[in-house]
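I have placed the structure first, in the form of structure tokens, so that the comments after it can refer back to it.
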Amino acid sequence: MKIAILSQDSNLYSTKRLKEAGEQRGHEMYVIDYLRCYMNITSHKPMVIYGGKPLEGFDAVIPRIGASQTFYGTAVVRQFEMMDVFTANESQGISRARDKLRCLQLLAREGIGLPVSGFAHSTKDIDGLINTVGGAPLVVKLLEGTQGIGVVLAETYQAAKSVIEAFRGLNANILVQEFIEEAKGSDLRCFVINERVVASMKRQAVEGEFRSNLHRGGTAEKVKLTPEERSTAVRAAKAMGLKVAGVDLLRSNHGPVVMEVNSSPGLEGIEKATGIDVPAKIIEFLEKNAAKGNSRDRIQG
Ligand SMILES: Nc1ncnc2c1ncn2[C@@H]1O[C@H](COP(=O)(O)OP(=O)(O)OP(=O)(O)O)[C@@H](O)[C@H]1O
Ligand SMILES: [Mg+2]
Ligand SMILES: [Mg+2]
């Protein structure tokens, strides 16, 4: 097959590993910087143009869209959908997952376990917001945060109030969440491909920290999931419309709860923690599904 990896940087670990995995399985692999693509959307024949030439004859694309480039990145993926090229993740699923609030709303609609969450922009009713999640301790998140930055644990009512007031002053969208203390600073990353968990790891925060992000010094090891955790991860990916997803769960005393769903989950951490060749499994999924005509029942655009 002829496969395009839509990535801004061919030197990123995940991009390199996908390229390698595809080549090992005998495919023609191209890394395409989607920001440098432009599209012809007026003609009867939709096209993506790259380096002055139309991209033609591709059987599949693997989107690896950066968090700050969702708008243009999903437009390029959508254009491939219009051209009937199979995509590992569809543009709509990527957009849904990128918006944390939309993600939680869709998961809630499916009845998937979530931390009790409230969402606000500039409410004056801070007490009401704190009460929706059952009071302190609670977690306040900036909607635009990544890598654990912008995620704050407020242990007392007073602290919660001050943090919410400060964020309100920044004119930011905030998420207020029940603190899952019993997770003890750990979370589970479940790597889902085509409705199956293919690899899973437990990330543990350093002593005295509640955020398990590897960027915050957390460590990772492989973990065996319970059947309930597996099915929660699979249902969450499905609710977002993602075939390839990194679903993050917390072990709460009311069962597994989903924190977020990532549409371009990193491969390095999960490969190192589990020893599983996850990129090969993504390519294998494309081999089985990118056959011509398999795009017909998809929602396009
Ligand atoms: N409600 C919660 N209860 C307990 N721990 C939490 C809660 N929310 C987040 N955490 C911890 O904080 C970490 C960071 O939170 P989260 O994943 O929501 O933000 P982020 O990592 O900054 O965002 P992104 O993953 O999009 O980059 C989580 O991995 C988890 O360990
Ligand atoms: Mg996270
Ligand atoms: Mg994330």
Side-chain angles (χ1 to χ4, degrees), residues 14 64-70 93-105 107-108 112-119 129-130 132-155 159-160 163-164 167 172-192 200-221 223 229 232-233 236-237 240 242 245-270 273:
S14 301
R64 301 288 308 178
I65 308 300
S68 57
Q69 301 299 348
T70 307
I94 301 170
S95 305
R96 284 174 174 163
R98 275 299 149 73
D99 179 340
K100 276 193 194 183
L101 176 61
R102 188 176 178 191
C103 176
L104 292 179
Q105 288 172 320
L107 297 174
I112 293 164
L114 300 172
V116 179
S117 304
F119 179 72
L129 187 58
I130 293 175
T132 48
V133 302
L138 54 78
V139 175
V140 186
K141 299 183 187 183
L142 276 178
L143 217 59
E144 288 80 23
T146 57
Q147 305 180 350
I149 297 163
V151 179
V152 181
L153 171 61
E155 286 178 284
V163 173
I164 295 170
F167 281 168
N173 292 314
I174 55 170
L175 197 62
V176 177
Q177 233 167 36
E178 150 198 26
F179 175 47
I180 310 293
E181 193 166 5
E182 59 273 24
K184 299 192 189 79
S186 74
D187 74 350
L188 307 174
R189 160 58 60 94
C190 312
F191 207 107
V192 179
S200 53
M201 65 176 169
K202 181 178 178 175
R203 293 176 297 205
Q204 178 68 51
V206 289
E207 189 69 40
E209 170 63 73
F210 78 103
R211 295 168 299 176
S212 60
N213 301 67
L214 303 182
H215 286 99
R216 303 268 71 75
T219 50
E221 59 179 45
V223 69
E229 287 161 354
T232 302
M240 305 307 294
L242 292 172
V247 181
D248 292 343
L249 301 179
L250 292 171
R251 283 180 163 159
S252 87
N253 48 27
H254 48 94
V257 290
V258 178
M259 235 179 350
E260 58 173 335
V261 182
N262 295 285
S263 59
S264 294
L267 299 177
E268 187 167 12
I270 194 90

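Counting starts at 1 for both ligands and their atoms, following the listed order.
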Reported [atom1]-to-[atom2] distance for the pair [X] and [Y], which is rounded to 0.5 angstrom:
| X | Y | atom1 | atom2 | result |
| --- | --- | --- | --- | --- |
| Asp187 | Met259 | CG | CE | 4.0 Å |
| Leu175 | Glu260 | CG | CD | 10.5 Å |
| Ser186 | Met201 | OG | CE | 12.5 Å |
| Ser264 | Ile94 | OG | CD1 | 6.0 Å |

message: Distance under 4.0 Å to a non-hydrogen atom of Phe179: what atoms of ligand 1 satisfy this?
response: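 Ligand 1 atoms under the 4.0 Å threshold to Phe179: 3 (N), 4 (C).
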
query: Any idea which atoms of ligand 1 are less than 4.0 Å away from a heavy-atom of Asp187?
result: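 Going through ligand 1 atom by atom, the ones under 4.0 Å from Asp187 are 29 (O).
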
- request: Let me know which of Arg203, Lys100, Lys202 forms a salt bridge (charged side-chain N to carboxylate O under 4.0 Å, His left out) with Asp248.
  value: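 Of all the options given, the one that passes is Arg203.
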
message: Is it the case that atom CD in Glu182 sees more than 12 heavy atoms from other parts of the structure closer than 6.0 Å?
response: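 Count over threshold, so yes.
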
Tell me whether [X] has any N or O atom under 3.5 angstrom from an N or O of ligand 1.
| X | answer |
| --- | --- |
| Ser186 | no |
| Ser212 | yes |
| Glu178 | yes |
| Glu260 | yes |

What part of [X], side chain from CB on, backbone N/CA/C/O, both or neither, has a heavy atom under 4.0 Å from ligand 1?
| X | answer |
| --- | --- |
| Ile180 | both |
| Gln177 | side chain |
| Leu250 | side chain |
| Gln147 | backbone |

Ligand 1 contact by [X], heavy-atom criterion under 4.0 angstrom:
| X | value |
| --- | --- |
| Lys100 | yes |
| Asn213 | yes |
| Gly148 | yes |

Gln204 side chain to Thr219 side chain, donor-acceptor N/O pair below 3.5 angstrom: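 No, because no side-chain N or O of Gln204 sits under 3.5 Å from a partner of the opposite role on Thr219.
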
message: Restricting to N, O or S, what is the name of the atom of Glu260 that lies nearest the Mg ion (ligand 2)?
response: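 It is OE2, the N, O or S atom of Glu260 closest to the Mg ion (ligand 2).
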
- prompt: Pick one: which of Thr232, Val257, Ile112 meets side-chain contact (heavy atoms from CB on, under 4.5 Å) with Leu107?
  reply: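 When Thr232, Val257, Ile112 are each tested with Leu107, the side-chain contact (heavy atoms from CB on, under 4.5 Å) holds only for Ile112.
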
- prompt: Hey, looking at atom 8 (N) of ligand 1, which of Lys141, Glu181, Arg189 has the closest heavy atom?
  reply: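 Closest candidate by heavy-atom distance is Lys141.
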
Residue Asp187, metal the Mg ion (ligand 2), N/O/S under 2.8 Å: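 Not a single backbone or side-chain N, O or S atom of Asp187 is under 2.8 Å from the Mg ion (ligand 2).
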
task: Answer yes or no: is there a donor N or O on one side and an acceptor on the other, between the side chain of Arg64 and the main chain of Pro265, under 3.5 Å?
output: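 Such a contact is found between Arg64 side chain and Pro265 backbone.
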
- prompt: Do the non-hydrogen side-chain atoms of Val176 and Ile130 ever get within less than 4.5 Å of each other?
  reply: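 No - every pair of side-chain heavy atoms lies 4.5 Å or more apart.
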
